[in-house]
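Here is the structure we will look at, set down as C-alpha cells.
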Amino acid sequence: MNQFLKVNEELGLVFGFAIVCKVNGEPYFDTQGDHIPEDAMLKASTDYMLESRESKDMHVGESVQQTVFAMPITEDTSKAFGFDGTTTGLLTAIKPTPDILEKYRDGTYT
C-alpha cells in the first residue's frame, strides 16, 4: 500500500491508499519518482478490481492479501461526495494473511 492508514483488528483489514495521485492538489511522486494521474488510476483500478484483487508481499512471490474494498477518490468524486480530504487516489481495504497483517501492526509496513 502506498499510504497505510488503519488496521481493523476485529476483521483483520488494513485500510489505506494503494495509489496516491495528488496531495493538496499537486501531483504526488512516489519514492521511485513515479506519478500516476487520476485517469490512469481509474483505468488500472477498474481492471484490478474486475480481474484480480490479489496482491503479493512487496510485489514479490505468491499472493498474500486480497482487496476487499476499493474506492477511487478523484477531485471530481471528492466534490460529488462532499469529501474534504486533500489526497486523491485509490483508497482500499485489504485482508492480508496473518503474518503480513503483523507487519502492519508492528510498523514494518507503513
Side-chain angles (χ1 to χ4, degrees):
M1 302 198 82
N2 198 304
Q3 185 183 21
F4 156 66
L5 300 173
K6 178 167 177 43
V7 172
N8 179 294
E9 295 292 341
E10 181 182 350
L11 298 175
L13 298 177
V14 177
F15 293 84
F17 278 94
I19 299 171
V20 175
C21 299
K22 292 182 180 181
V23 176
N24 295 322
E26 298 296 321
Y28 172 82
F29 291 86
D30 65 17
T31 56
Q32 291 86 24
D34 296 325
H35 167 65
I36 302 173
E38 290 178 351
D39 60 340
M41 176 273 300
L42 274 171
K43 184 178 184 319
S45 61
T46 299
D47 293 342
Y48 174 72
M49 292 304 294
L50 287 172
E51 302 298 329
S52 177
R53 297 188 318 273
E54 302 278 332
S55 53
K56 302 172 183 177
D57 185 10
M58 303 305 286
H59 306 283
V60 177
E62 299 295 317
S63 175
V64 295
Q65 53 200 18
Q66 185 174 25
T67 301
V68 180
F69 304 108
M71 177 62 186
I73 307 293
T74 63
E75 288 180 337
D76 288 343
T77 57
S78 287
K79 289 175 189 170
F81 287 109
F83 296 155
D84 294 330
T86 59
T87 303
T88 67
L90 183 62
L91 185 59
T92 64
I94 59 169
K95 177 112 175 128
T97 58
D99 58 317
I100 298 299
L101 181 61
E102 185 56 34
K103 291 181 179 184
Y104 286 102
R105 283 188 192 120
D106 71 15
T108 301
Y109 290 164
T110 59

Checklist entry - Can you list every salt bridge (charged side-chain N to carboxylate O under 4.0 Å, His left out) pair that touches residues 78-95, not counting sequence neighbours? => result none

Item to check | Counterpart residues, ring-ring contact (aromatic ring centres under 6.0 Å, His included), relative to Phe29 (two or more places apart) | outcome: His35

Next on the checklist: Nearest 0.5 angstrom please: Glu38 CD to Thr88 OG1, how far?
Outcome noted: 4.0 Å

What donor-acceptor contacts under 3.5 angstrom involve side-chain atoms of residues 17-26, with partners at least two apart or in another chain?
{"unit_1": "Lys22", "atom_1": "NZ", "unit_2": "Glu75", "atom_2": "OE1", "d": "3.3"}
{"unit_1": "Lys22", "atom_1": "NZ", "unit_2": "Glu75", "atom_2": "OE2", "d": "3.4"}

Checklist entry - If you round to the nearest 0.5 Å, how far is CG of Leu91 from CZ of Phe15? => result 8.5 Å

Next on the checklist: Let me confirm one number: the CD1-CZ distance from Ile94 to Phe69, rounded to the nearest 0.5 Å.
Outcome noted: 12.5 Å

Item to check | Contacts of Glu9 that satisfy salt bridge (Lys or Arg N to Asp or Glu O under 4.0 Å) - sequence neighbours left out | outcome: Arg105

Checklist entry - If you round to the nearest 0.5 Å, how far is CD of Gln66 from CG of Leu13? => result 11.0 Å

Item to check | Point-to-point distance, once rounded to the nearest 0.5 Å, from CE of Met49 to CG of Leu90 | outcome: 8.0 Å

For residues 41-48, which side-chain N or O atoms pair as donor and acceptor with protein atoms under 3.5 Å away, sequence neighbours left out?
{"unit_1": "Ser45", "atom_1": "OG", "unit_2": "Met41", "atom_2": "O", "d": "2.8"}
{"unit_1": "Ser45", "atom_1": "OG", "unit_2": "Leu42", "atom_2": "O", "d": "3.2"}
{"unit_1": "Thr46", "atom_1": "OG1", "unit_2": "Leu42", "atom_2": "O", "d": "2.8"}
{"unit_1": "Tyr48", "atom_1": "OH", "unit_2": "Arg53", "atom_2": "O", "d": "3.3"}
{"unit_1": "Tyr48", "atom_1": "OH", "unit_2": "Glu54", "atom_2": "O", "d": "3.4"}
{"unit_1": "Tyr48", "atom_1": "OH", "unit_2": "Thr67", "atom_2": "OG1", "d": "2.7"}

Checklist entry - Below 4.5 Å, heavy atoms only, C-beta onward: do Tyr109 and Ile100 meet side chain to side chain? => result yes

Item to check | Residues forming a side-chain contact (heavy atoms from CB on, under 4.5 Å) with Thr108, sequence neighbours excluded | outcome: Lys103, Asp106

Item to check | Sequence-distant partners of Gln32, side-chain contact (heavy atoms from CB on, under 4.5 Å), two or more places apart | outcome: Asp30, Asp34

Next on the checklist: Can you pull out every ring-ring contact (aromatic ring centres under 6.0 Å, His included) where at least one residue sits in residues 77-99? Sequence neighbours excluded, please.
Outcome noted: Phe81-Phe83

Item to check | Step-by-step side-chain contact (heavy atoms from CB on, under 4.5 Å) determination, Thr87 to Ile73 | outcome: CA-CA 8 Å; Thr87 303; Ile73 307 293; over 6 Å; no

Next on the checklist: Could you work out, with side-chain contact (heavy atoms from CB on, under 4.5 Å) as the rule, every residue matching Asp76, not counting sequence neighbours?
Outcome noted: Thr74

